[in-house]
Amino acid sequence: QDELSEQVVPTNPAGRAPTGSRLHPALPVHGSAPPGGSMAGGKRGGGRGMRVHAGERAAPSASRALARHVMSTARPRPRHGGEPLRTRPAAPQWRSRPVGQPPAGSTGGRWGPARTREVQDAAPGWGIKGGTRAVLEFIRVHPDVRALGTEPHFFDRNYDRGLEWYRSLMPRTLDSQITVEKTPSYFVTKEAPRRIFNMSRDTKLIVVVRNPVTRAISDYTQTLSKKPDIPTFEGLSFRNRSLGLVDTSWNAIRIGMYAVHLQSWLQYFPLSQIHFVSGEKLITDPAGEMGKVQDFLGIKRVITDKHFYFNKTKGFPCLKKTESSSLPRCLGKSKGRTHVQIDPEVIEQLRDFYRPYNIKFYETVGQDFRWE
Ligand SMILES: Nc1ncnc2c1ncn2[C@@H]1O[C@H](COP(=O)(O)OS(=O)(=O)O)[C@@H](OP(=O)(O)O)[C@H]1O
């Protein structure tokens, strides 16, 4: 079987992705890693995120109303005193236009009558080792969804490139289709909520969350696969292990403090605009989790049990077919790695550390993910 590969949109003029950018973005929040930073090189390295965009919809539904609204707000507008989006000056084509209509003066091409790359009803989803790639690859099977396969990292490290750049990356969509993008590091990017809000206050957000201890180990395992010389997980996790002082400046730890990161998002977006996918259930019941994602996006439940099979070799659910091929496909080798063995006592200490954050997170979102 072919494996789905994960790509990152190049972030420098030479068109090269910085080394290690898949692990830690060059412009992280909550401290920053050096370009190509790793958990070894900089404990404050940024994490990774996932995101999605949505195209306007023609269906007479609540989601259509939402898309309409987004259309009229797609033009950068500072809110909450936030910074304006950087764009090329006066772009009347996308200032606002009726749903389903090409911009005035358009003769087709990029702005073909039934197609658009408008950034409208963005529905970013993040997770950072939570299962974001799986959600993206599963949701793009839906005929009403078009997905950007790469991670554009627009709202974190590529923001200076401007909205036009971002839009140009988007796949063309029919009026009835949603465009989806994932960049997991948005979740921990301080500026991302404000920037996305300024682009569109109606953006729908999808977050894939997973037991933060397992997530941290997954993150570390990924880094270790690229940089075998990094210190041990146990060593990086603590400022003082005997005192049980966890090092929250280490991104592998910090990313899992979901309740903290969520607060930044709730300053801009209501909870009803954010959907939380359980990274655990995504593996045990992909159809169930994807059913909820489809409901959240306001699209028909097309992706069901029939789309999945359990691949014993991979040890994960895989797609029987994808949007581009009728052949079965599993995610790539970087998804579902065998985790590094961690001292059980350390795992216990980290469980204790995360417990209050988890409880706060459950209370905030009104959902118990049962990580205890
Ligand atoms: N169907 C399927 N196949 C393979 N892997 C799956 C699947 N569903 C969820 N997962 C879990 O996804 C984890 C990787 O998460 P992300 O895609 O969010 O990682 S990343 O942040 O984009 O690097 C990855 O984490 P690890 O197991 O630690 O590698 C998987 O557990």
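Indexing begins at 1, ligand by ligand and atom by atom, following the structure's order. Every heavy atom of this structure was used, including side-chain atoms; hydrogens, water molecules and symmetry mates were not.
Within the structure, the closest approach of Arg215 to ligand 1 does not fall below 4.0 Å when heavy atoms are considered.
Residues passing the side chain to side chain contact (heavy atoms under 4.5 Å, CB included) test with Phe316, sequence neighbours excluded: Ile283, Lys314.
Compare Tyr220, Phe316, Phe187 by their heavy atoms: the one nearest to atom 6 (C) of ligand 1 is in Phe316.
Sequence neighbours left out, not one pair with a member in residues 276-287 passes salt bridge (charged side-chain N to carboxylate O under 4.0 Å, His left out).
For the pair Lys360 and Glu363, the salt-bridge criterion is not met [side-chain N within less than 4.0 Å of a carboxylate O].
Close contacts of ligand 1 with Phe138, meaning ligand atoms under 4.0 Å from a residue heavy atom, involve 1 (N). Remark: ligand 1 atoms within the under-4.0 Å shell around heavy atoms of Pro317 are 1 (N), 2 (C). In the vicinity of His339, heavy-atom distances shorter than 4.0 Å reach the ligand 1 atoms 26 (P), 27 (O), 28 (O). The Ser218 neighbourhood of ligand 1 comprises atoms 25 (O), 26 (P), 28 (O), with distances under 4.0 Å to a heavy atom of that residue. Close contacts of ligand 1 with Ile283, meaning ligand atoms under 4.0 Å from a residue heavy atom, involve 8 (N), 9 (C), 31 (O). Listed by atom number, the atoms of ligand 1 under 4.0 Å from Arg133 heavy atoms are 17 (O).
Residues Tyr258 and Phe276 keep their aromatic ring centres 6.0 Å or farther apart.
Heavy-atom contacts from other residues, nucleotides or ligands closer than 6.0 Å to CZ of Arg370 number 12 or fewer. For Lys320, the NZ atom sits in a packed shell: over 12 heavy atoms of surrounding residues, nucleotides or ligands are nearer than 6.0 Å.
If you check the side chains of Ser249 and Asp247, you find a donor sitting under 3.5 Å from an acceptor.
Considering both main-chain and side-chain atoms, Gly131 comes within under 3.5 Å of ligand 1 through a nitrogen or oxygen pair. The N/O atoms of Gly130, backbone and side chain alike, include one that comes under 3.5 Å of an N/O atom in ligand 1.
Minimum heavy-atom separation, Val135 to Leu282: CG2-CD2, 3.7 Å.
Counting heavy atoms under 4.0 Å from ligand 1, residue Leu331 touches it through the side chain alone. Contact annotation: for Phe308 versus ligand 1, there are no heavy atoms closer than 4.0 Å.
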